[in-house]
Amino acid sequence: MAQKLIIANWKMFPTKPAEAKRIFSGIQKGVSKVRGAQTVVCPPYVFLPELAKLAKGGKVKLGVQDLFYEESGAFTGQVSPAMASAYKATWAILGHSERRALGESNELVGRKVRYTIQQGYTAVLCVGERGRSEDGEYYTFIRTELEAVFSGLRRKDLERLVIAYEPIWAIGKRAEEAMQTRDLMEMTLFIKKILTERFGRKPAERVRILYGGSVKPNNAAELVHEGGVDGLLVGSASLDVRQFLEILNVAAAA
Ligand code: PGA
């Protein structure tokens with residue numbers, strides 16, 4: 001059975017390095033006992049140097065929450081793949097809805113995904129609609145977000161691509177407000193269909209699809225099992241060691 005991929009998105013938390021180290025160590029300790037799951041933690045950049053030391057030789061991989069599409073240059077405030085990989089980051093969340101809300105376009109996200117993959121990272125491309133209407137308009141929206149990025153990718157890039165479907169309306173809520181698993185299954189199939197249309201069946205099968213949005217210990221198993229996804233992108237619950245380890249355990253067993 002393929003391993004489930006569970007990614008922690010710490011967003012702009014915690015505020016202190018000591019707290020970041022405590023959470024990371026707790027996760028790492030618990031993960032050593034979990035089989036059937038691959039774990040990636042994406043902290044704020046500033047914690048990478050310390051967490052890279054803790055991560056050495058362990059099972060938990062490090063990622064970041066964004067990257068720029070150049071190696072270096074006059075780009076105030078940006079961080080490049082080369083800089084983060086010096087601290088063992090090998091994964092990058094790109095196009096998260098909270099960054100898109102600050103102005104990132106599909107075109108910009110596409111550029112970042114292409115460059116980041118070329119630099120040897122696994123890109124976790126986030127897509128998701130703001131809301132849902134009866135007419136199913138959100139399918140067109142998701143198609144547009146995906147195709148904007150796919151147009152610049154080669155088949156072999158797909159080995160380093162993960163798609164995180166995160167409906168914006170389901171982010172940052174209680175477990176009960178996460179997506180219904182039947183709706184998730186439909187969306188998972190739709191994303192697979194678009195991938196297959198564009199790249200062919202075999203290459204498309206290599207792309208893992210995750211769900212994100214209010215994943216908690218009490219909904220993780222059904223989301224994975226009935227939603228047809230390969231794993232989860234976890235926000236707030238990933239800052240709570242106990243909750244995150246529970247999610248890992250139930251997802252791995254699903
Ligand atoms: P949440 O965040 O789990 O807190 O809803 C998920 C995300 O935004 O990646």
Side-chain angles (χ1 to χ4, degrees), residues 1-11 13-14 19-44 47-48 50-65 88-93 96 121-126 128 161-167 170-179 181 184-185 188 207-254:
M1 201 174 67
Q3 287 200 323
K4 301 293 184 313
L5 172 60
I6 313 293
I7 303 183
N9 174 13
W10 283 5
K11 308 193 178 186
F13 297 103
E19 183 64 357
K21 286 199 268 183
R22 184 191 65 77
I23 303 170
F24 189 85
S25 301
I27 292 174
Q28 199 167 34
K29 202 161 151 232
V31 163
S32 60
K33 299 185 203 99
V34 182
R35 277 167 201 239
Q38 182 180 12
T39 314
V40 181
V41 173
C42 302
F47 300 136
L48 279 179
E50 287 296 329
L51 300 190
K53 285 186 218 157
L54 294 177
K56 212 167 165 198
K59 268 168 61 175
V60 180
K61 299 289 173 224
L62 279 173
V64 288
Q65 302 167 19
K88 308 291 173 237
T90 47
W91 293 69
I93 297 173
H96 190 281
Y121 280 74
T122 300
V124 182
L125 165 66
C126 298
L161 180 71
V162 170
I163 294 170
Y165 170 64
E166 297 203 299
I171 292 178
K173 303 275 173 62
R174 293 174 304 135
E176 299 73 39
E177 292 166 277
M179 192 176 209
T181 54
L184 176 56
M185 177 59 102
T188 309
V207 180
R208 281 176 289 179
I209 301 174
L210 312 183
Y211 167 79
S214 305
V215 174
K216 311 285 176 200
N218 58 345
N219 64 12
E222 58 174 346
L223 284 165
V224 170
H225 191 63
E226 295 163 25
V229 288
D230 305 296
L232 302 164
L233 180 52
V234 187
S236 70
S238 72
L239 290 146
D240 180 314
V241 175
R242 192 190 53 79
Q243 282 195 41
F244 189 63
L245 291 175
E246 232 176 289
I247 291 171
L248 269 166
N249 275 297
V250 296

Chemist: Take atom NZ of K29 as the centre, draw a 6.0 Å sphere, and report whether it contains more than 12 heavy atoms from other residues, nucleotides or ligands.
Modeler: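 No - once you tally the heavy atoms of other residues, nucleotides and ligands closer than 6.0 Å, there are 12 at most.
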Chemist: Atom CE of M179 and atom CE of M185: how far apart are they, to the nearest 0.5 Å?
Modeler: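 It comes to 12.0 Å.
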Chemist: Go through the steps to decide whether W10 and I23 satisfy the test side chain to side chain contact (heavy atoms under 4.5 Å, CB included), and finish with yes or no.
Modeler: CA-CA 10 Å; W10 283 5; I23 303 170; 3.6 Å; yes
Chemist: Check whether any side-chain heavy atom of C42 sits under 4.5 Å from a side-chain heavy atom of V64, and report yes or no.
Modeler: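 C42 does not reach V64 side chain to side chain.
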Chemist: Taking Y211 for its side chain and G213 for its backbone only, find out whether a donor-acceptor pair lies under 3.5 Å.
Modeler: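 Yes; at least one donor-acceptor contact below 3.5 Å.
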Chemist: Quick one: pull up CG in L54 and NZ in K56 and give me the separation to the nearest 0.5 Å.
Modeler: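 Separation between the atoms: 11.5 Å.
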Chemist: Check the pair I7 / V40 against side chain to side chain contact (heavy atoms under 4.5 Å, CB included), numbers first and verdict last.
Modeler: CA-CA 5 Å; I7 303 183; V40 181; 4.1 Å; yes
Chemist: For K61 and Q38, indicate whether the former's side chain and the latter's backbone hold a donor-acceptor pair under 3.5 Å.
Modeler: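 Judged by distance alone, no pair lies under 3.5 Å.
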Chemist: Quick check: closest heavy atoms across V34 and L248, and the distance to 0.1 Å?
Modeler: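 Nearest heavy atoms, V34 then L248: CG1-O, 4.2 Å.
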Chemist: Compare every heavy atom of N219 with every heavy atom of K216, then report the nearest pair and how far apart it is.
Modeler: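 What the structure gives for the nearest pair is N-OD1, 2.8 Å.
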Chemist: Between the main-chain N or O of G235 and the side-chain N or O of S238, is there a donor-acceptor pair closer than 3.5 Å?
Modeler: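 Yes, because the side chain of S238 sits within donor-acceptor range (under 3.5 Å) of the backbone of G235.
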Chemist: Search all heavy atoms of A178 against all heavy atoms of A170 and return the closest pair with its distance.
Modeler: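 The pair with the smallest heavy-atom distance is CA-CB, 4.3 Å.
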Chemist: Could you walk me through whether T188 and Y165 satisfy the side chain to side chain contact (heavy atoms under 4.5 Å, CB included) test, starting with their C-alpha distance in whole Å, then the side-chain angles of each, then the deciding distance to 0.1 Å, before giving a yes or no?
Modeler: CA-CA 8 Å; T188 309; Y165 170 64; over 6 Å; no
Chemist: Using atom types as modelled and distance alone, determine if a side-chain donor or acceptor of D230 lies under 3.5 Å from a backbone N or O of V162.
Modeler: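 Side chain of D230 to backbone of V162: no pair is present.
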Chemist: If you take all heavy atoms of V250 and A221, which pair is closest and at what distance?
Modeler: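 Where V250 meets A221 most closely, the heavy atoms are CG2-N, 4.0 Å.
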Chemist: Quick one: CG on D240 to CD on E246, what's the gap to the nearest 0.5 Å?
Modeler: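 D240 atom CG to E246 atom CD measures 9.0 Å (nearest 0.5 Å).
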Chemist: For the atom pair CG (L161) and OG1 (T122), what is the distance rounded to the nearest 0.5 Å?
Modeler: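 Result: 9.0 Å between the selected atoms.
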Chemist: Check for a donor-acceptor pair, side chain of Q65 on one end and backbone N or O of K11 on the other, with a separation under 3.5 Å.
Modeler: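 Yes.
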Chemist: Return the minimal non-hydrogen interatomic distance between G63 and L48, and the atom names on each side.
Modeler: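 Heavy atoms only, the tightest pair is O-CD2, 4.2 Å.
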Chemist: How long is the gap from CG on L62 to CZ on F47, to the nearest 0.5 Å?
Modeler: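 Nearest 0.5 Å value for the CG-CZ distance: 13.0 Å.
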Chemist: Quick check: closest heavy atoms across A20 and L51, and the distance to 0.1 Å?
Modeler: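 Taking A20 first and L51 second, the nearest heavy atoms are O-CD2, 3.9 Å.
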Chemist: A side-chain contact here means heavy atoms from C-beta on lying under 4.5 Å apart; do E176 and S214 qualify?
Modeler: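 Of all side-chain heavy-atom pairs linking S214 with E176, none is under 4.5 Å.
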Chemist: Is any side-chain heavy atom of T181 closer than 4.5 Å to a side-chain heavy atom of L223?
Modeler: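 Yes, at least one pair of side-chain atoms sits under 4.5 Å.
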Chemist: Could you tell me the separation between the CD atom of Q28 and the CG atom of L245, rounded to the nearest 0.5 Å?
Modeler: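 These two atoms lie 11.0 Å from each other.
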